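For reference, the structure discussed in these notes is given below.
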Protein chains: 2
Amino acid sequence: MNKKQLQSEQTRKRIGDAARHLFVQKGYKATSIEDITAATGSSKGNIYYHFKSKEGLFLYLLDEWDRDWIAKWQEKEHRYASAAEKMYGFAEQMVNEDLNHPLTKAADEFFVGDDKTCEVEDRLAEMVANHLAFNRALIQEGIDSGEFRSGDTAGLALVLEALVVGLSQISRRSSTEQALTTYRLAIEVFLHGVAETAAVSEPER
Amino acid sequence: MNKKQLQSEQTRKRIGDAARHLFVQKGYKATSIEDITAATGSSKGNIYYHFKSKEGLFLYLLDEWDRDWIAKWQEKEHRYASAAEKMYGFAEQMVNEDLNHPLTKAADEFFVGDDKTCEVEDRLAEMVANHLAFNRALIQEGIDSGEFRSGDTAGLALVLEALVVGLSQISRRSSTEQALTTYRLAIEVFLHGVAETAAVSEPER
DNA sequence: GATAATCCTGAACTTTCGTTCAGTATCTTA
DNA sequence: TAAGATACTGAACGAAAGTTCAGGATTATC
């Protein structure tokens, strides 16, 4: 790889990382291009050299983030023995990955905005669908294995989604440790809430 | 009351209602003054005749909303026999009142924004504190009455808050009936999750 | 080493949006 | 009914933010 190519890739990554962090922290609209330049040291023009537009940058991040997330998850999914354990693993990964599943605050705001392209709209709809399908699969697995009471799987997937979205929102201003504690407690409550028997196995710390 | 005064009050209410709805729907920044004029028929100038600024309008709505909410709640709180029933009532009121407790998406976004006044900052901090105290009291009541397992009350209050915030976020694009169903299911899961015994009373429909 | 390609800068342009204000219409009051 | 108060309009202003571009710096290619 060229020195140029390497440099290009590095700045691209530098901009991406800073932008993602800011988008998560402040939301889409509230994050300005100048905020990103301030966080990277790059100039405005440089951002537009590497990315088509602010919207393009956001979309790129969403794609990348989603792919990374899924990859990381699939890598360790098989290590969990039960659906309950998976949920704790799920929570842990969320806390470690920028306190979020892809598509939370910024994405939601982006979703409601009226200036989005068709391409963006389709991509977001697809991600939401994938997201809910992921939750459904996780819950269905628990039901099939007898860990969870059988019931409204789709509804429970929505509830889990709400919990995740809400947790990421209120944890935005707290430390990683604090967030992890709250996430664990939340999963604990959720598991008790859907458990087949009163007793649910606690996580190994 | 004068015809002028009546008219003034009506417009003020008309603007307030439209603005609150838009703020809930789109968030604070994404809602422009022109959006509000479009939704009310009033002119830009008229909004500034009745309200000091966009920030002032938002703050006014927050105050009003909070007061109304508390009043409505206190009015029917005594009708609920158990903590569990209170939670279902809580959910119902949230769905009916613009699908939200005061201080959700727009307020959260407002909270993170960097251009806020000290007055606003204080007011918001106060509301957040009240909000969590409300949750804590509700949960503590359940523990005291033996409905809920005793445990980390403050932590559970955070989890409940996350659930509420998340529910309002994902329900923003769904119908009232759909939202109510999801809210009820969520409360059901939460109640099972914190219940002392495996069996938790279902709500009367 | 010269030329071309790539990476990057920062000032300037454009659009959007909050805000103001001079002026008009409607109502109250005396 | 005349004068003043109140409610409202919409064009204009200014600040902020997204975007573009001419040109400079660095690296690759020959």
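Keep in mind it's a predicted model, so treat the numbers as computed, not measured. No hydrogens, no waters, no symmetry mates; every other heavy atom, side chains included, goes into these values. Chain letters run A, B, ... following the sequence lines, proteins first and then strands; every chain starts at 1.
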Quiz item: What is the distance from CD of A:Gln7 to C1' of D:dT27, rounded to the nearest Å?
Solution: 8 Å
Self-check item: Distance-only polar pair, side chains of A:Ser145 and A:Glu147, donor-acceptor under 3.5 Å
Solution: yes
Practice problem: Check the distance between C:dG10's P and A:Tyr48's OH and give it to me in whole angstrom. | Solution: 17 Å
Practice problem: Report the distance from atom NZ of B:Lys54 to atom P of C:dT19, rounded to the nearest whole Å. | Solution: 8 Å
Quiz prompt | B:Ile33 CD1 to D:dC13 C1', straight-line distance once rounded to whole Å | solution = 16 Å
Exercise. Answer with yes or no whether the side chains of A:Ser32 and A:Glu34 bring together a donor and an acceptor at under 3.5 Å.
Key: no
Practice problem: Could you please spell out the steps behind the side-chain contact (heavy atoms from CB on, under 4.5 Å) verdict for A:Ile139 and A:Met87? | Solution: CA-CA 9 Å; A:Ile139 289 167; A:Met87 287 220 177; 4.2 Å; yes
Quiz item: Phosphate oxygens OP1/OP2 of D:dT9: is one of them under 4.0 Å from a side-chain N or O of B:Ser43?
Solution: yes
Exercise. Answer with base, sugar-phosphate or nothing: what part of the nucleic acid does B:Thr37 contact at a heavy-atom distance below 4.0 Å?
Key: nothing
Quiz prompt | Whole-Å distance separating the OH atom of B:Tyr49 from the P atom of C:dT26 | solution = 16 Å
Quiz item: Any ion pair linking B:Glu85 and B:Arg79 (charged N to carboxylate O, less than 4.0 Å)?
Solution: no
Quiz item: Has the side chain of B:Lys44 got a donor or acceptor that lies under 3.5 Å from a partner of the other kind on the base of C:dT19?
Solution: yes
Quiz item: Has A:Thr11 got a side-chain N or O lying under 4.0 Å from the OP1 or OP2 atom of C:dC8?
Solution: yes
Exercise. Rounded off to whole Å, could you give me the NZ-to-C1' distance for the A:Lys29 and C:dG18 pair?
Key: 13 Å
Quiz item: Could you give the CD1-to-C1' distance, from A:Ile36 to D:dT19, as a whole number of Å?
Solution: 13 Å
Exercise. Check the distance between C:dG18's C1' and B:Phe58's CZ and give it to me in whole angstrom.
Key: 16 Å
Quiz item: B:Asn2 or B:Asn46: which one's nearest nucleotide on DNA chain C is closer to the 5' end?
Solution: B:Asn46
Quiz prompt | First encountered from the 5' end of DNA chain C, between A:Gln5 and B:Glu34 | solution = A:Gln5
Exercise. Decide yes or no on side-chain contact (heavy atoms from CB on, under 4.5 Å) for B:Gln93 and B:Trp69, but give the supporting numbers first.
Key: CA-CA 8 Å; B:Gln93 177 161 335; B:Trp69 218 95; 3.3 Å; yes
Practice problem: Could you tell me whether the side chain of B:Lys4 has a donor or acceptor atom within less than 3.5 Å of a complementary atom in the base of C:dT26? | Solution: yes
